[in-house]
Engineer: 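Could you have a look at this structure, given as structure tokens, before my questions?
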Amino acid sequence: MKGDLANVTTRLLALAGEQDRAVLAQVQLGAFAGGADTAEVVASHLREALGPRAEVLVVRDEPAVRERLFALNTGRDQLLRRVPAVVLVCATGEDARLLRKLAPDLTAVFDLVAEVQPRVDLPFDALRDALRAAQAERFQRIDLSGLVPHTGDVVDLPLEALYQRRSVWTRQGEADLVGGEARLLAGEPGAGKSTWLRRLAATGQGPDRAVLFVPLSLWAAQARERQIPLLDLVEGQAGALLEKPGLELGPHLPRMVLLLDGLDEVPTVVDRRYLVDQALALRQAHRGLVVVLAGRDHVVDDLLAEQRRRVRVVELRRLDAGQGRTLVQALLRARRGLSPDQPLPEDAQRLWRQVVGSEDFRRFGGNPLLLSFLAVVADMGRGLPSQRVELYNDLVEMLIVSWQRVRSGQAGRRLNRADVLRVVAPLAWRLVERGVGGLTEAELLDFLAGLEQREPDVDRAREAARQRLDRLREDSALLCAADGLWRFHHASIAEFLAARAALQAPALREALAADPYEPRRAQVLAFTLALSCDLEPRDDVALPLLHALDDKARRRGRYDAKIPRILALCLEEARSMPGALRQRLAGHALRVAFVQKLAAGQRVEALFAAFRLLRVEDEAVAGALRALQPALSSVDWARLAPAWLFASGRSSWWFGDLPADLLRGLSLGVEEQVALIERWARSPDVAVRALAWQAWTAGSTERRALARSADPEAVALYALYAPVEGQSPLPPAAWTEALRAAFPDLPG
């Protein structure tokens, strides 16, 4: 390894804690030029860190050192049993050669060979400009291999040719992502979080800020060997970008923006909590530091519920219809090799009109990843899918079959579809279990070697694994390598393929059924149900999973937001599950969200899931609402209103529809709805009155109710809680602080 003295010391201490014998290490001094960082200073530091029993020797061509090396070499075995560490410090290459000559047994196998490099402290302006230039170079293009166009070459396109400008949203309206408290950028798979953050890193944030994008998948991969501090990861990423491994960021942190992407790629909630704690500790130690974490909400929602008071949750606005139409045009141009200023040919224009005029465009159009997949699948001549699982199924088929078709003229045995799925489906399950962050090439080869069950010889199995990886790399556009890690082009592709693996392997289905409310597997479970209910009906797969969801949702004990969240996802995806089971599962989700006692943060997440479910609008959900109506009639709306408002802020593109969804679901008549909203508007609880004004945007019934009120306070609250473009009764202004001062009991 290479690193500064602190990193080398940390690694030595970690190894000493893992082994039951002494750690044997060689520490080579790097590009030092004397001064304080001499071999003796390094040795003194290591003696202090490792303890008085450790053997730390500076190697030099002196009689006393030669004698000591000879003694260490002859007593190697006893020495390694009685001391915690043996560290040999070499100042020069000549010293390292002397060490190997005088102590060949001792130096046969080292546990660690490390090069200590000097710390590099760049001036802030140089650091800011260098980071911006390096990240602009790295992130200026987007890899769409296998998607545009169909060639055997790796294809990447200028990001600006496809990128649609986005803004972030909080409950109070648009927000500056890099201002104020720590932020957690959450969103559904494919919402564009990583692309947005990379573009932010490439363009910078003005002269007073240095922006750094850090993929947390790197932390997850390194944590499989040892848990490293977040600052070490950050400095390592900056050093790698600038080719300065010993980069010192400490003095500049108060003027930096850290974009920590992929919190959902960290496999356990304990590790995710550790990273959040580390990020907040850095902010506390370096006032002015801006930290933004990002992750897919179905994995990090539990963390959101408990960290809501420590980090501010923000989301990207979904693409509007105009942006969606522009993105489809850009993709069609890219697939034909046209520049942005060239017009689309007539056949592409017809295809564009077909895509943007379809019901599927309205379903997928707000999500840039799904919309991109939809446009590419349509351009391949396939029918437009009506479900997400069908879209992914068509996409994976295309990435395998059409990629092979292009490369079929090349020599060598090609992998067929079954070969590819036989490898990538279990690999996808492995990645989901590890956090979807990726595997090193060594880990990937170990996994592929494990699939070679017919080959008992380890060396031959690894050689077969190497050949399989080479063919897989050539014969499909599913896998890519970045930052030293192998992964699928998007995590949701891995989750779909993991569902494919579950469809074929009873042991994997048993793992899903054993804990159906595990957030990390939520998308896999939903895809598995959609495949087995809708695409390839298999009752032997679907029914055990549905009964597991049903049984665990009815189990006595403490409830949380996972139940409505995962049930809503499954009910959205698997539309053809048996009607009675579907209604029962919908009832569980709504009951937990509205009736069960939940912690404040959990209530927000549960209501958000319930609002998604209400928009499914099928008979099973309507029946579940009717069955739940007696319990809902006694709900304390004053207690629910603050959580309701929080939940609506999680979903800005549904803003204003949420009260109306519930009112429609309760099957109330018009006058009953008006009476209920009027009661909300007259409530002594300020949050309930704000809820009434939120309903104002939903339609004529709600406006009739609010037209009877001329309460100026309610109008002001509406301006705060519902700044919907073109609908707010007051122009945007700096009302927030004044309103908070006037109404301190407002939620949040």
Engineer: Specify the closest pair of heavy atoms between Cys570 and Leu529, including all atoms of both residues, with the distance to one decimal.
Structural biologist: SG-CD1, 3.8 Å

Engineer: Any side-chain heavy atom of Val292 sitting closer than 4.5 Å to one from Asp261?
Structural biologist: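 With C-beta onward as the side chain, the pair stays apart.
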
Engineer: Closest approach of Cys533 and Ala542, non-hydrogen atoms and distance?
Structural biologist: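 In terms of heavy atoms, the two residues are closest at SG-CB, 3.7 Å.
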
Engineer: A side-chain contact here means heavy atoms from C-beta on lying under 4.5 Å apart; do Leu581 and Leu543 qualify?
Structural biologist: yes

Engineer: Roughly how far, to the nearest 0.5 Å, is the CG atom of Leu569 from the CZ atom of Phe527?
Structural biologist: 8.5 Å

Engineer: Assess whether salt bridge (Lys or Arg N to Asp or Glu O under 4.0 Å) is satisfied between Glu265 and Arg520, documenting all intermediate values.
Structural biologist: CA-CA 9 Å; Glu265 298 181 9; Arg520 189 176 69 254; over 6 Å; no

Engineer: Between Arg296 (side chain) and Gly187 (backbone), is there a donor-acceptor pair under 3.5 Å?
Structural biologist: no

Engineer: Please test Asp264 against Arg272 for salt bridge (Lys or Arg N to Asp or Glu O under 4.0 Å), starting from the C-alpha separation and ending with a verdict.
Structural biologist: CA-CA 8 Å; Asp264 56 298; Arg272 292 193 289 272; over 6 Å; no

Engineer: Can you name the nearest heavy-atom pair linking His588 to Leu567, along with the distance?
Structural biologist: CB-CD1, 3.8 Å

Engineer: Work out which heavy atom in Leu531 is nearest to a heavy atom in Ala499; give both atom names and the distance.
Structural biologist: CD1-CB, 4.1 Å

Engineer: Considering non-hydrogen atoms only, spot the tightest contact between Met577 and Leu571 and give its length.
Structural biologist: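 Nearest pair, atom of Met577 first, then Leu571: SD-CD2, 3.8 Å.
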
Engineer: For a quick test of reading the model, state the closest non-hydrogen atom pair linking Glu495 to Val524 and the distance between them.
Structural biologist: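 For Glu495 versus Val524, the nearest heavy atoms are O-CG2, 3.8 Å.
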
Engineer: Regarding Arg388 and Gln523, is there a side-chain donor-to-acceptor distance under 3.5 Å anywhere?
Structural biologist: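 Yes, a side-chain donor-acceptor pair sits under 3.5 Å.
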
Engineer: In sequence, state the C-alpha distance, the side-chain angles, and the governing distance for Glu433 and Arg521, and then conclude on salt bridge (Lys or Arg N to Asp or Glu O under 4.0 Å).
Structural biologist: CA-CA 8 Å; Glu433 291 297 284; Arg521 298 176 184 153; 2.9 Å; yes

Engineer: Run the salt bridge (Lys or Arg N to Asp or Glu O under 4.0 Å) check on Lys552 and Asp515 step by step: do they pass?
Structural biologist: CA-CA 9 Å; Lys552 195 155 190 177; Asp515 190 3; 3.3 Å; yes

